[in-house]
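This is the structure I have questions about; it appears just below.
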Amino acid sequence: MTYNHKFIEKKWQKYWDENEIFKTDDFIDKPKYYILDMYPYPSGSGLHVGHPLGYIATDILARYKRHQGYNVLHPMGWDAFGLPAEQYAIKTGTHPSITTKENISNFKRQIKMLGFSYDWTREINTTDPGYVKWTQWIFIQLYNKGLAYEAEVPVNWCPELKAVLANEEVIDGKSDIGGHPVLRVPMRQWMLRITNYAESLLSGLDDVDWPHSIKELQRNWIGRSEGTKVLFELPSISKHLEVFTTRQDTLFGATYIVIAPEHPLVEDLLIEDQKTLVKNYIEEASKKSDLDRIELNKEKNGVFLGSYAINPVNGKEIPIWISDYVIMGYGTGAIMAVPGEDERDWEFATKYDLPIIRTVEPSKDFSGGAYTGDGPAINSEFLNGLYIDEAKEKMASWLEDNKKGERTVQYKLRDWLFSRQRYWGEPIPIIHKDGKPQVLKESDLPLELPDVEKYEPSGTGESPLSNIKNWVEVKDDSDNIIALRETNTMPQWAGSCWYYLRYLDPSNDEKAWDSEKEKYWMPVDLYIGGAEHAVLHLLYSRFWHHVLFDLGLVSTKEPFKKLFNQGMILGQDGSKMSKSRGNVINPDETVETYGSDSMRIYEMFMGPLDKAKPWSTTGLQGCSRFIKKLWSVLVDDEGVLSSNVIEKKDDKETLQALNMMIKKISDNLDQIQFNTCVSEFMIFTNHIQKLESINIDTIRSFIIIMNPFMPHLAQELWELIGETNELTYQAWPDYDKDLVISDEIVIPIQINGKRRSEIHISANESESEVIAKAKSDDKIVSYLKNTTIIKEIYIKGKILNIVIKQ
RNA sequence: GCCGCGGUGGUGGAAUUGGUAGACACGCUGGUCUUAGGAACCAGUGCCUUAUGGCGUGAAGGUUCGAGUCCUUUCCGCGGCACCA
């Protein structure tokens, strides 16, 4: 009987469900292991085969850890607020909650057909009122801690989407979703003070086991740089201008100042003669979208304001210009230009014929413009001769001693724009009374979304909620004053900032989570998901977690101890899977034709989990063939256990093969290397296929170690060998150290590092025996004729190299 | 431009971390079986060459008894950031 995946897979999925095999209890007396997937946004188009890649990996590890005796928490849920459901609502009038519900049920069906061992009793949905309540509650904690505030800020306004986007949602001046142009428009927004946590978020990276590249990405995003704030006197208006620089050592070479067009002192510093020019320039600059700014990147433009500043180190008057290559959002929005040592300043100075003074002696072979390398200081009085690091130190001290500046640290990280002018998101739990914001009482949570007739944003940037008068207006009975609800909603990331905490206690109505449960389960031991969330979700959720830690609400500073990014599965043509390319592989068809075990092991067999690799249907067929082969080796034509599987003692070779496989699979699982595990199964299967009979105990161990990868097949075989204990909780087999080495070893013999022959030795032969044997090998004898042996290098059990001279 | 990652057969990829390069699989070739196709099974398959032998991990150098692995230079690809002072 050939392997019937349809019947067998359904049978065991039903069994797991009905018996709640994967339900996880809190506080039981086993070491805990929390293994988390990045939960999906349930889109209308369903999964393609790339989506479950990470879920297969976590499922394998979750099952492996259960075999190892861990209490495993492995939950799944839905990130269900978001734009697509809302845009669908705008088009069709269908309420997003209906679309969301349908999509979730389709996603759940697809995820379940792959036989994952989730504890579905902990399933969460970010749009459930019971979940929204606590998302809003956390917002209130942030607000009360002074980390949420309103501000009139230039935002990324996308006219096409009629929405304001976060910096992270804008790619090259276009919206991440849809690629529409994005403009800079000032609007009232809710902001979260993530910048207060810049240092904490940066230093926390040292304590987590994350991929090097993701840590670097976050470090770059936070963008810490050390320098000084330098005070330049402005004699014409009797004020000071603050400038941030990391190159205070070049201060003697600062020949002019550039400030951002939005800088508050522009107005004061502007002289009458330059007014028209400057006003025009500012207007042009403010109209530019991000896209324009990038396109105009090549040519720097600016205008002289007409006023001068005093260089604090030598008292010289230097002109003040404006240019949009200086941006208001970073540092102080003003720079001291040192064309001698900065390429941008060099370009600008050359264009407008501004003076250039070198303050670092370029190396002899240097022939360019700005010199950014190291060298002794020149033209810099008390700094002359000092190299950059020393000169920086000395200048920083001089500035501090003379009250002309101070050392500071700057970050690139900006505050997080937290409001969206949308319907389908968590309402921000704020009312505006007498024009002042107030948070809702905890007892008023959750603040649910009202029903609306039109989902379209108002077009002026206000959310559809602003049209619902009887929702927006709230009358307080005590004073009869009408207060107005906040009509902005939270961005999609809000729910995912803390969902991993809700899994710990998903139906608690009294608290967001029970603190004893939190202490038992946290931190997440392993978190697997796509690298595209490197600076969005992963930075935002760390930020919330750091705040919750400071509030004493969680017990660990970092939420995710170990992070692993799965790679993408590409189409058969090697390009990204997408509908427009027509190269999408549907998992429904794959599972229907080949079964979920085949799909699971194929996705693992394709290559390293973190690499991008193309789908191959013939490769999948190979895995399917392997499963059929394995089945036919162990099960006979009538569908019962093969008569070759018996009580007997296995030959040594088979025992070695088994123990070798156990060792390699255990080692590889610990290192998240699944492709080689699948090879091991194939090698072992090829071996036992040749045997006339095999010990049932060997098969029992084999079934346990294959279970994480091919759980349906494993369960069926487990039943066929007559086992009645629950397979999921069987102990992982140990390997016998003496049996992972074969008795007979092949030793290659090299002459001067080139392989010339090989000899067979037994494991315990001594060096001199091996050398003697090698020297009597026919080929080696001929190579050694008429030569002198200089050296013999023997690496035990591995290789022998004989170094000779002619 | 800056930061990070990577380049191994016709293809996906192995290689105990300095010790037989190409495990395992796909594909291909030949064979067995079959009316035929498919499936299954057996054998072969890095390149050049007649067996012998030589060459081979993007390229060029270096360290070493020995380099895919370490060092230097260089080329190419991918991901991220991008006037951040």
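Chain naming here is simple, since letters A, B, ... match the order of the sequence lines and numbering starts at 1 in each. Computation of the quantities below employed the complete heavy-atom set of this structure, encompassing side-chain atoms and omitting hydrogens, waters and symmetry-equivalent molecules.
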Task: Tyr330(A) and Ser225(A) side chains, donor-acceptor separation under 3.5 Å - done: yes
Task: rU11(B) to rG46(B) separation - P atoms, rounded to the nearest Å - done: 14 Å
- [ ] Indicate, with a heavy-atom threshold strictly under 4.0 Å, whether Asn801(A) touches base, sugar-phosphate, or nothing.
- [x] base
Task: Nearest to side-chain heavy atoms of Ile799(A), which nucleotide of rC3(B), rG13(B), rU20(B) - done: rU20(B)
TODO: Return the orientation label for the His5(A) and Tyr3(A) ring planes: parallel under 30°, perpendicular over 60°, tilted otherwise.
DONE: tilted
- [ ] Return yes if the base of rC83(B) and the side-chain atoms of Lys300(A) contain a donor-acceptor N/O pair under 3.5 Å, otherwise no.
- [x] yes
Open item on the list: What is the distance, to the nearest angstrom, from the NZ atom on Lys611(A) to the C1' atom on rG79(B)?
Closed with: 13 Å
TODO: With C1' as the reference atom in both, quote the distance from rG22(B) to rG10(B) in angstrom, rounded to an integer.
DONE: 14 Å
Task: Protein-nucleotide distance (Lys613(A), atom NZ; rG77(B), atom P), rounded to Å - done: 23 Å
Task: Value in whole Å for how far the C1' atom of rC24(B) lies from CZ of Phe605(A) - done: 5 Å
Open item on the list: Whether Asn686(A) contacts rA25(B) is assessed here as follows: a side-chain N or O lying under 4.0 Å from the phosphate OP1 or OP2. Is that the case?
Closed with: yes
Open item on the list: Can you measure Lys629(A) atom NZ to rC42(B) atom P for me and round it to whole angstrom units?
Closed with: 7 Å
- [ ] Could you tell me whether the phosphate oxygens of rG66(B), OP1 or OP2, come under 4.0 Å of any side-chain nitrogen or oxygen in Arg756(A)?
- [x] no
- [ ] Find the distance Lys664(A):NZ to rC24(B):P and express it as a whole number of Å.
- [x] 10 Å
Task: Rounded distance in Å - CZ (Arg755(A)) to P (rG53(B)) - done: 12 Å
Task: Interatomic distance at C1', rA67(B) relative to rU8(B), whole Å - done: 14 Å
TODO: Using only side-chain N and O atoms of Arg247(A), determine if any of them is under 4.0 Å from OP1 or OP2 of rA85(B).
DONE: no
TODO: Grab the two heavy atoms, one from Phe681(A) and one from Ile705(A), that are nearest each other, plus how far apart they are.
DONE: CZ-O, 3.4 Å
Open item on the list: Work out how far the P atom of rA23(B) is from that of rG18(B), and round it to whole angstrom.
Closed with: 22 Å
- [ ] Tell me yes or no: between the side chains of Asn565(A) and Asp610(A), is some donor less than 3.5 Å from an acceptor?
- [x] no
Open item on the list: Could you identify the nucleotide paired to rU11(B), looking across every strand shown and requiring Watson-Crick or G-U wobble geometry with both distances under 3.5 Å?
Closed with: rA25(B)
Open item on the list: Under a 3.5 Å cut-off for both contacts, is rG6(B) paired Watson-Crick or G-U wobble with anything, and if yes, with which nucleotide?
Closed with: rC76(B)
- [ ] Find the distance Asn752(A):CG to rA67(B):P and express it as a whole number of Å.
- [x] 11 Å
Open item on the list: How many whole angstroms separate atom CH2 of Trp615(A) from atom C1' of rA25(B)?
Closed with: 14 Å
Task: Steps toward salt bridge (Lys or Arg N to Asp or Glu O under 4.0 Å) verdict (Lys775(A), Glu792(A)) - done: CA-CA 11 Å; Lys775(A) 282 181 180 167; Glu792(A) 287 149 342; 2.6 Å; yes
TODO: Please measure how far the C1' atom in rU49(B) lies from the corresponding atom in rC55(B), and state the result in whole Å.
DONE: 11 Å
- [ ] Could you check whether Gly223(A) gets within reach of a base, just the sugar-phosphate, or nothing at all, counting any heavy atom under 4.0 Å?
- [x] nothing
TODO: Answer yes or no: does a side-chain N or O of Ser632(A) lie under 4.0 Å from OP1 or OP2 of rA40(B)?
DONE: no
Open item on the list: Students often get this wrong, so: under 4.0 angstrom with heavy atoms, is Ile795(A) touching a base, only sugar-phosphate, or nothing?
Closed with: base
- [ ] Using the P atom as the reference point in each nucleotide, state the distance between rG9(B) and rG58(B) in Å, no decimals.
- [x] 7 Å
Open item on the list: Taking only the C1' atom of each, what is the distance from rG13(B) to rG27(B) in whole angstrom?
Closed with: 14 Å
Open item on the list: Under a plain distance cut-off of 3.5 Å, with no hydrogens placed, do Tyr325(A) and Asp345(A) share a side-chain donor-acceptor pair?
Closed with: yes
Open item on the list: Does rG31(B) count as syn, meaning its glycosidic angle lies within 90° of 0, or as anti?
Closed with: anti
